[in-house]
Amino acid sequence: MSDHTPLYIQNSLSREKELFTPLNAPYVGMYVCGPTVYSNVHLGNVRTFLTFDIVYRHLSFLGYQVRYVRNITDVGHLTGDSDDGEDKIGKKARLENLEPMEIVQKYTNDFHDVMRVFNIERPSIEPSATGHIVEQIEMIKQIIERGYGYEANGSVYFNVRKFNEDFPYGQLSGRKIDDLLNNTRVLDGQDEKNDPLDFALWKKADASHLMKWPSPWSEGFPGWHLECSVMSTKYLGHAFDIHGGGMDLKFPHHECEIAQNAGATGEGNSVGYWMHGNMLTVNGRKMAKSEGNGFTPDELITGNHPLLERGYSPMTVRFFMLQGHYASTLDFSNAALQAAEKGLDRLMKSVEALENLPATSADDNANVPIEDFAQRCANAMGDDFNTPILISVLFDAVKLINNVQDGRTVISQAQKEALETLINGYFFEVLGLQIEGSKEGEESGEAGPLLDLLVQLRSDAKSNQDWSTADSIRKALSDLGVTIKDGKEGSSWNRE
RNA sequence: GGUCCGAUGGCCGAGUGGCUAGGCUCAGCUCUGCAAAAGCUGCUACAGCGGUUCGAAUCCGCUUCGGACCUCCA
């Protein structure tokens, strides 16, 4: 690849940091479990998709050609804690008096809007469960043929105990089948199953069910875990490089996926690297709808939520999340958001200043360690996508840029260009940060020239040592949200 | 109850055997007409108790506290 710095990834399956070696470089196949589109996504969901956005961006940055598949779950996800629960989409459709596909469309649109606002890249393929009913039925047939599935009253279940005789079940989540048996609650509506550990591949639908399809077993719908097995196989093959998702999907969802894929093909887990993003917490507790501590991105931006002192911009939130490592829990708080906001502001101003940074034509006195910066950035991302370390290096670059701007350090034209390449690469491409707000001295419409005029009048007053006029102009502009800065090269203004 | 994870300075948050993480806050200083911005300096921490080691925030054991999963969840 374009970069020789090795990439290490923490593999959930081995619980170790492993050197990343794709099956078919320069191609990389990555599958990430997407949202169930029955309600608005909240900030915790955003964190997971941001995590894999970084993985996707960095792999692309390294020169890999990534096929990134992220699904939309639009059927099969049941409410409640038993397999008798209602389909989430179907339930919402009933409550809102809409066609199920209207629900799906509505919340898929919302999801896409949110992803755009946070500058999270689109996947290469975004398949939906309902678009792959035929393939899911086929995989169920394969599983039955291999003896790992059985039919009961028109539903089909996966025989976990039988599977465990041939393959290790529970490896990913570190569970033993006996422990699971001892600790599984006895739930209602499981009489069809041979064993409480078994999970549904196909569910027979009752008359009131809105979403159902014909199958060899009954008119019904696929089990939740099946879609990911089917769609990852269809678009990435049986064996592919990276499978990602939130930590809370490890068990049972991903464990079931592994079992289904192995059960259908007779080959064990064939995902190279399992990655799990950690949870966003509020006051130390996982953000979740059921906890009532979740808020939507829209509430976050407007500040219209009891937990929020005020609104925060999407880039502030993105930056805040990237200041923590994806594998650690991250605790949300207003103080932390405000700290991130200020830090990002300083970083952005520096990035903006880079373009017009004065550079010396000769290399004589310039001795800026750009190579060192580049290596430190590469090392940070190569160590399991350590964005906090990367950001700390970027802040060292901020210090350098400020020093050059204030004339304390000189930089050559070549070094400046190297630095610009570096910042463009890591700030914009890898971290996916964007400059927010209007740039210094720029304004749409007539305000810009008028502001320039006021600043000029104030400068004139200053040269006449008319401090009261100068200060009253500065105060008046400040009240309008425009900050004046006096530098060696004259005064400039900046709208907050 | 079972399994697993975590506890870092005023706050957030990296770091896994010796070497300054970083951001924010606070105080002082430089610059400046005054500010702002920027820079410099300071506040220098690893839950507690034992152990291993020349040396531990980092390894091992115990204790306390917190969290996640075990059921839908990013």
Side-chain angles (χ1 to χ4, degrees), chain A residues 15 32-36 38 41-52 77-83 85-86 88 170 173-176 178-185 187 224 244-253 276-281 284-291 294 319-320 323-325 327-344 346-347 349-350 353 376 380 383 386-396 398-399 401-403 405-409 462 465-468 470-471 474-475 478 483-488 491-492 494:
Chain A
R15 293 167 179 73
V32 172
C33 293
T36 302
Y38 70 102
V41 290
H42 64 230
L43 208 60
N45 306 111
V46 171
R47 188 183 183 206
T48 295
F49 301 122
L50 172 62
T51 292
F52 294 101
H77 212 155
L78 305 177
T79 61
D81 55 5
S82 82
D83 285 337
E86 215 171 342
K88 286 192 172 182
S173 56
R175 278 158 225 265
K176 294 189 185 71
D178 293 333
D179 294 340
L180 284 168
L181 280 170
N182 292 336
N183 291 299
T184 301
R185 278 169 28 195
L187 300 167
W224 172 41
M247 201 80 99
D248 47 0
L249 295 184
K250 226 187 213 180
F251 189 90
H253 184 60
H276 289 94
N278 216 322
M279 300 293 106
L280 181 70
T281 61
R285 296 201 172 258
K286 175 183 170 183
M287 182 180 281
K289 287 222 175 68
S290 53
E291 292 268 345
F319 183 72
F320 161 70
Q323 276 192 303
H325 189 247
S328 303
T329 55
L330 178 67
D331 199 53
F332 171 89
S333 72
N334 282 279
L337 258 293
Q338 282 161 27
E341 187 177 65
K342 287 187 181 172
L344 175 61
R346 202 157 71 85
L347 185 56
K349 283 201 169 100
S350 183
R376 286 164 65 201
D383 185 12
N386 198 321
T387 53
I389 293 288
L390 172 61
I391 289 171
S392 77
V393 178
L394 255 28
F395 273 107
D396 283 348
V398 166
K399 195 171 279 190
I401 291 167
N402 287 332
N403 278 328
Q405 198 165 31
D406 292 356
R408 284 182 292 265
T409 302
K462 276 177 67 185
Q465 302 203 338
D466 180 1
W467 308 126
S468 64
D471 289 349
R474 183 168 65 194
K475 175 68 168 56
S478 168
T483 310
I484 288 187
K485 283 193 285 190
D486 295 340
K488 283 184 181 148
S491 302
S492 61
N494 190 32

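Every chain is numbered from 1, with letters handed out A, B, ... down the list of sequences.
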Next on the checklist: Using the side-chain heavy atoms of A:T48, tell me which of these nucleotides is nearest: B:A74, B:A36, B:A21.
Outcome noted: B:A74
Item to check | Between C1' of B:C69 and CZ of A:R15, the distance in whole Å | outcome: 12 Å
Item to check | Rounded distance (nearest 0.5 Å) linking atom CD of A:Q323 with atom OG1 of A:T387 | outcome: 9.0 Å
Checklist entry - Using a cut-off of 4.0 Å on non-hydrogen atoms, how would the nucleic acid contact of A:L337 be classed: base, sugar-phosphate, or nothing? => result nothing
Next on the checklist: Rounding to an integer number of angstrom, what distance separates B:U52 and B:G17 when you compare their C1' atoms?
Outcome noted: 11 Å
Checklist entry - To the nearest Å, how far apart are A:M247 CE and B:A68 P? => result 12 Å
Checklist outcome for this item: Checking B:C70, B:C34, B:A74 against the side chain of A:D248 (C-beta onward), the nearest is B:A74
Item to check | Integer angstrom distance from the C1' of B:U3 to that of B:U71 | outcome: 16 Å
Next on the checklist: At 4.0 Å (heavy atoms only), tell me whether A:N386 reaches a base, stays on the sugar-phosphate, or touches nothing.
Outcome noted: sugar-phosphate
Checklist entry - When we call it a touch if two heavy atoms are under 4.0 Å apart, what does A:N402 touch: a base, just sugar-phosphate, or nothing? => result sugar-phosphate
Next on the checklist: Under 4.0 Å, counting only non-hydrogen atoms across every strand here, what does A:M279 touch: a base, just sugar-phosphate, or nothing?
Outcome noted: base
Checklist entry - Side chains of A:R474 and A:D471: closer than 4.5 Å at any heavy-atom pair? => result yes
Please write out the pairs of protein N or O atoms and N or O atoms of nucleotides 27-29 of chain B separated by less than 3.5 Å, giving the distance to one decimal.
none

Item to check | Distance, P atom - from B:C70 to B:U16, rounded to whole angstrom | outcome: 30 Å
Checklist entry - Side chains of A:R47 and A:N278: does their closest heavy-atom pair fall under 4.5 Å? => result yes
Checklist entry - B:A14 phosphate, OP1 or OP2: any side-chain N/O from A:S328 under 4.0 angstrom? => result yes
Checklist entry - Going from CG on A:L337 to CG on A:L344, what distance comes out if it is rounded to the nearest 0.5 angstrom? => result 11.5 Å
Item to check | Non-neighbouring partners of A:S173 that pass side chain to side chain donor-acceptor pair (under 3.5 Å), sequence neighbours left out | outcome: A:R175, A:E255
Next on the checklist: Counting only side-chain heavy atoms from C-beta out, which of B:C69, B:A74, B:G33 sits nearest to A:L249?
Outcome noted: B:A74
Next on the checklist: Between B:G10 and B:C43, how many Å separate the two C1' atoms, rounded to a whole number?
Outcome noted: 10 Å
Next on the checklist: Just to verify, what does A:F332 make a ring pair (Phe, Tyr, Trp, His ring centres under 6.0 Å) with, not counting sequence neighbours?
Outcome noted: A:F295
Checklist entry - With a 4.5 Å heavy-atom cut-off, do A:L394 and A:S392 have their side chains touching? => result no
Checklist entry - NA contact type, A:H276, heavy-atom cut-off 4.0 Å: base, sugar-phosphate, or nothing? => result nothing
Next on the checklist: Distance check needed: B:G33 P versus A:K475 NZ, whole Å only.
Outcome noted: 22 Å
Checklist entry - Does a side-chain N or O from A:R408 land closer than 4.0 Å to OP1 or OP2 of B:G39, or not? => result no
Checklist entry - Closer to the 5' end of RNA chain B via nearest nucleotide, is it A:G246 or A:F332? => result A:F332
Item to check | C1'-based separation of B:U53 from B:C11 [nearest Å] | outcome: 35 Å
Checklist entry - A:I484 has an atom CD1; how far is it from atom P of B:A36, in whole Å? => result 14 Å
Item to check | Proximity to the side chain of A:D406 - top-ranked nucleotide from B:A74, B:A68, B:A38 | outcome: B:A38
Checklist entry - Taking atom types as they are modelled, is there a donor-acceptor pair under 3.5 Å from the base of B:C4 to the side chain of A:R175? => result no
Checklist entry - Which atom pair, heavy atoms only, marks the closest approach of A:A380 to A:I389? => result CB-CG2, 3.5 Å
Checklist outcome for this item: When A:I389 and A:V393 are each assigned the nearest nucleotide of RNA chain B, the 5'-most assignment goes to A:I389
Item to check | Any A:F251 side-chain heavy atom under 4.5 Å of A:H253 side chain | outcome: no
Item to check | Integer angstrom distance from the C1' of B:C46 to that of B:C12 | outcome: 15 Å
Checklist entry - CZ/A:R285 to CG/A:L280 distance, rounded to the nearest 0.5 angstrom? => result 15.0 Å
Next on the checklist: If I take atom SG from residue A:C33 and atom NE2 from residue A:H276, how far apart are they, to the nearest 0.5 angstrom?
Outcome noted: 7.5 Å
Item to check | B:C40 and B:U25, which share atom name P, separated by this distance in whole Å | outcome: 15 Å
Item to check | Residue-phosphate contact under 4.0 Å: A:N278 side-chain N/O, B:C5 OP1/OP2 | outcome: no
Next on the checklist: Using a 3.5 Å limit for the pairing distances, which stems of at least 3 consecutive Watson-Crick or G-U wobble pairs does RNA chain B take part in?
Outcome noted: B:1-7 with B:64-70, B:10-12 with B:22-24, B:26-30 with B:38-42, B:47-51 with B:59-63
Item to check | Distance, C1' atom - from B:A37 to B:U30, rounded to whole angstrom | outcome: 13 Å
Next on the checklist: The criterion is side chain to side chain donor-acceptor pair (under 3.5 Å); which residues satisfy it with A:T51, sequence neighbours excluded?
Outcome noted: none
Next on the checklist: To the closest 0.5 Å, what do you measure between CD1 (A:I401) and CD (A:Q405)?
Outcome noted: 8.5 Å
Next on the checklist: From the set B:G2, B:G33, B:G39, return the single nucleotide nearest to any side-chain atom of A:D486.
Outcome noted: B:G33
Checklist entry - Whole-Å distance between B:G6 P and A:L330 CG? => result 16 Å
Interface polar pairs with nucleotides 23-26 of chain B, N/O, under 3.5 angstrom:
from: B:G23; atom 1: OP1; to: A:R346; atom 2: NH2; distance (Å): 3.2
from: B:C24; atom 1: OP1; to: A:R346; atom 2: NE; distance (Å): 3.0
from: B:U25; atom 1: OP1; to: A:K342; atom 2: NZ; distance (Å): 3.0

Checklist entry - Would one find a side-chain N or O of A:K286 under 4.0 angstrom from OP1 or OP2 of B:C69? => result yes
Next on the checklist: Expressed as a whole number of angstroms, how long is the span from A:H253:NE2 to B:A74:P?
Outcome noted: 10 Å
Checklist entry - Is A:R408 paired with A:D406 through a side-chain N to carboxylate O contact shorter than 4.0 Å? => result yes
Item to check | Touch class at under 4.0 angstrom, heavy-atom based, for A:G174 against every strand present | outcome: sugar-phosphate
Checklist entry - Roughly, in whole Å, what's the span from CH2 in A:W467 to P in B:G33? => result 6 Å
Checklist entry - Rounded to whole angstroms, how far apart are CG on A:D331 and P on B:C11? => result 13 Å
